[in-house]
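Here the structure is laid out as structure tokens; the discussion comes afterwards.
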2 protein chains.
Amino acid sequence: MIITPVKKYRDTGLKLTPQRLAILDYLEGNTGHPSAEDIYRVILKKFPTISLATVYNTLDTLRLKGRVREVSIDPEKKRFDPNTKPHNHIICVKCKKVADIKETFDLGLVGNQVSDFEILGHHVEFHGICSACKSMANA
Amino acid sequence: MIITPVKKYRDTGLKLTPQRLAILDYLEGNTGHPSAEDIYRVILKKFPTISLATVYNTLDTLRLKGRVREVSIDPEKKRFDPNTKPHNHIICVKCKKVADIKETFDLGLVGNQVSDFEILGHHVEFHGICSACKSMANA
DNA sequence: ATTAATGCAAACACTTTGCAATGGA
DNA sequence: TCCATTGCAAAGTGTTTGCATTAAT
């Protein structure tokens with residue numbers, strides 16, 4: 001069951017340590033946009049000696065290899081997304097849960113209001129209230 | 001020349017301290033999206049004893065009064081924007097300079113892909129390279 | 001055998017908080 | 001006078017780094 005990460009990891013030229021495979025395995029298809037601490041807490045169950053520094057190091061290595069994207073939608077901490085294809089996000093303003101918005105938007109800028117910048121891309125962050133927080137408010 | 005901030009500040013019910021007026025004055029019409037530290041360094045010239053904590057406290061007070069918006073486009077630190085009207089931003093991926101995008105986008109989401117969320121609003125962050133960084137790269 | 005990755009601790013950057021002293025209202 | 005605000009220091013988060021040990025290649 002950790003075969004898939006191994007396959008996907010082989011071609012990176014990075015060493016396949018058990019810790020990395022566990023992180024890869026946890027990230028695989030994960031749409032929860034976990035923070036480094038979130039990941040750390042999960043991996044800790046299988047690897048009680050793993051350090052938070054290793055999680056950070058691994059995430060940064062994966063980012064440099066283009067395997068993970070840093071999502072800066074949460075002002076409190078960095079969140080990580082294994083989906084590196086262009087897509088957008090929504091964050092719950094109460095509990096900070098982040099979800100994907102599959103829809104993409106072709107946003108052009110009219111005129112020369114940003115003549116100062118060469119535009120490389122864009123990211124839309126929706127904010128809202130998730131159903132869990134909504135029902136708490138109604139209680 | 002600090003008359004304008006005084007006028008705009010009167011109706012908040014907050015005490016008008018010289019430190020606050022200086023911060024207000026600096027923020028007034030400022031499109032540079034400064035961090036707390038940025039603001040602190042500027043105010044320090046006029047008020048050599050002001051503390052960074054006061055800057056943070058004042059910014060939070062202003063935020064609660066709706067006079068300032070926290071912009072979370074820079075993952076490293078919070079940036080503050082006195083323009084609380086809906087608008088979007090562009091950030092230079094190299095120097096982290098942030099500029100306003102006056103253009104607004106009426107983005108609707110089709111289908112029920114976010115049935116889990118009640119959408120409250122959205123913010124578009126463009127990323128690009130500013131002219132200063134571009135010319136450095138060409139050098 | 002090499003060399004990168006781990007895990008610990010310490011350092012770092014940003015932000016918040018407790019509290020006595022100060023100063024606007 | 002009264003109470004909010006200041007400024008300092010300390011503490012609280014999140015993240016990075018140095019370095020000896022370990023382990024993947």
Side-chain angles (χ1 to χ4, degrees), chain A residues 2 5-7 9-26 33-65 67-80 96 98, chain B residues 2 5-7 9-24 33-65 67-80 96 98:
Chain A
I2 58 168
V6 170
K7 250 195 288 183
Y9 207 24
R10 276 278 173 232
D11 57 337
T12 60
L14 299 173
K15 289 186 177 173
L16 272 63
T17 67
Q19 294 89 335
R20 280 182 173 175
L21 289 176
I23 293 173
L24 255 291
D25 187 39
Y26 177 64
H33 308 80
S35 66
E37 176 87 35
D38 292 336
I39 297 167
Y40 173 65
R41 273 198 300 268
V42 171
I43 306 302
L44 212 48
K45 293 174 191 163
K46 271 191 181 172
F47 296 87
T49 66
I50 197 174
S51 83
L52 192 48
T54 295
V55 175
Y56 274 108
N57 287 337
T58 298
L59 286 169
D60 201 51
T61 301
L62 292 174
R63 184 182 59 78
L64 292 171
K65 292 285 177 182
R67 297 312 192 90
V68 143
R69 209 215 297 195
E70 232 180 70
V71 180
S72 63
I73 195 177
D74 182 345
E76 306 312 318
K77 55 183 72 158
K78 289 171 183 168
R79 310 272 291 250
F80 297 86
K96 310 301 176 189
V98 175
Chain B
I2 58 168
V6 170
K7 250 195 288 184
Y9 207 25
R10 276 280 173 230
D11 57 338
T12 60
L14 300 173
K15 288 188 179 175
L16 271 63
T17 68
Q19 294 89 335
R20 281 182 172 175
L21 289 175
I23 293 172
L24 255 290
H33 308 79
S35 67
E37 176 88 36
D38 293 335
I39 296 167
Y40 174 65
R41 274 199 299 269
V42 170
I43 306 301
L44 213 48
K45 292 174 193 164
K46 271 190 180 171
F47 296 87
T49 66
I50 198 175
S51 82
L52 191 48
T54 294
V55 175
Y56 275 107
N57 287 337
T58 298
L59 286 169
D60 201 52
T61 301
L62 292 174
R63 183 181 60 76
L64 292 171
K65 292 284 176 182
R67 297 314 192 88
V68 144
R69 209 214 300 195
E70 235 180 66
V71 180
S72 63
I73 195 176
D74 181 346
E76 306 310 319
K77 57 183 73 156
K78 288 172 183 166
R79 309 271 292 251
F80 296 87
K96 310 302 175 189
V98 174

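Note that these values count all heavy atoms, side chains included, but never hydrogens, waters or copies made by symmetry. So that the names make sense, note that chain A is the first sequence line, chain B the second, and so on, each numbered from 1.
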Open item on the list: In whole Å, I'd like the distance from the CZ atom of B:R79 to the P atom of C:dA13.
Closed with: 17 Å
Open item on the list: So A:T17, base contact, sugar-phosphate only, or nothing? Heavy-atom distance under 4.0 Å.
Closed with: sugar-phosphate
Open item on the list: Using every non-hydrogen atom in the two residues, find where B:I73 and A:S72 come nearest and quote the distance to one decimal.
Closed with: O-OG, 4.1 Å
Task: Heavy-atom check, side chain of A:D38 versus side chain of A:R41, under 4.5 Å - done: yes
Task: d(CG, A:L16; C1', C:dT6) in whole Å - done: 15 Å
TODO: Take atom CZ of B:F80 and atom P of C:dC14, then tell me their distance rounded to the nearest Å.
DONE: 12 Å
Open item on the list: On DNA chain C, compare the nucleotides closest to B:S35 and B:L14; which residue's is nearer the 5' end?
Closed with: B:S35
TODO: Check whether any side-chain nitrogen or oxygen of B:K77 sits under 4.0 Å from OP1 or OP2 of C:dC14, and answer yes or no.
DONE: yes
Open item on the list: Whole angstroms only, please: what is the CG-C1' distance between A:N57 and C:dC8?
Closed with: 12 Å
Task: Chi angles and distances behind the side chain to side chain contact (heavy atoms under 4.5 Å, CB included) call for B:F80, B:H33 - done: CA-CA 5 Å; B:F80 296 87; B:H33 308 79; over 6 Å; no
TODO: Look at A:E37 together with A:K78 and state whether they make a salt bridge at an N to O cut-off of under 4.0 Å.
DONE: no
- [ ] Grab the OH-C1' distance between A:Y56 and C:dA9 for me, whole Å please.
- [x] 16 Å
Open item on the list: From the set C:dA5, C:dT15, C:dA9, return the single nucleotide nearest to any side-chain atom of A:A53.
Closed with: C:dA9
Open item on the list: Contact between B:R20 and B:L14 at the side-chain level, heavy atoms closer than 4.5 Å - yes or no?
Closed with: yes
Task: Along DNA chain D, first and last positions that approach a heavy atom of chain A under 4.0 Å - done: D:dG14 to D:dT25
Task: B:K15 or B:T49, whichever maps to the more 5' nucleotide of DNA chain D - done: B:K15
Open item on the list: Looking at C:dC8, I'd like to know if its phosphate oxygens (OP1 or OP2) sit under 4.0 Å from a side-chain N or O belonging to A:S51.
Closed with: no
Open item on the list: Could you check whether any side-chain heavy atom of B:L24 comes within less than 4.5 Å of a side-chain heavy atom of B:L16, counting everything from C-beta outward?
Closed with: no
TODO: Figure out the CD/P separation between B:Q19 and C:dA21, and round it to whole Å.
DONE: 18 Å
- [ ] Could you pick out which residue, B:E37 or B:P18, lies toward the 5' side of DNA chain C when each is mapped onto its nearest nucleotide?
- [x] B:E37
- [ ] For A:I43 and C:dT6, give me the distance from atom CD1 to atom P, rounded to whole Å.
- [x] 12 Å
Open item on the list: Heavy atoms only, 4.0 Å cut-off, all strands: where does B:T54 land among base, sugar-phosphate and nothing?
Closed with: base
Open item on the list: Looking at every non-hydrogen atom in both residues, tell me the closest pair between A:S35 and A:K77 and how far apart they are.
Closed with: CB-CD, 3.5 Å
- [ ] Could you state the atom-to-atom distance from CG of A:L52 to C1' of C:dA11 in whole Å?
- [x] 15 Å
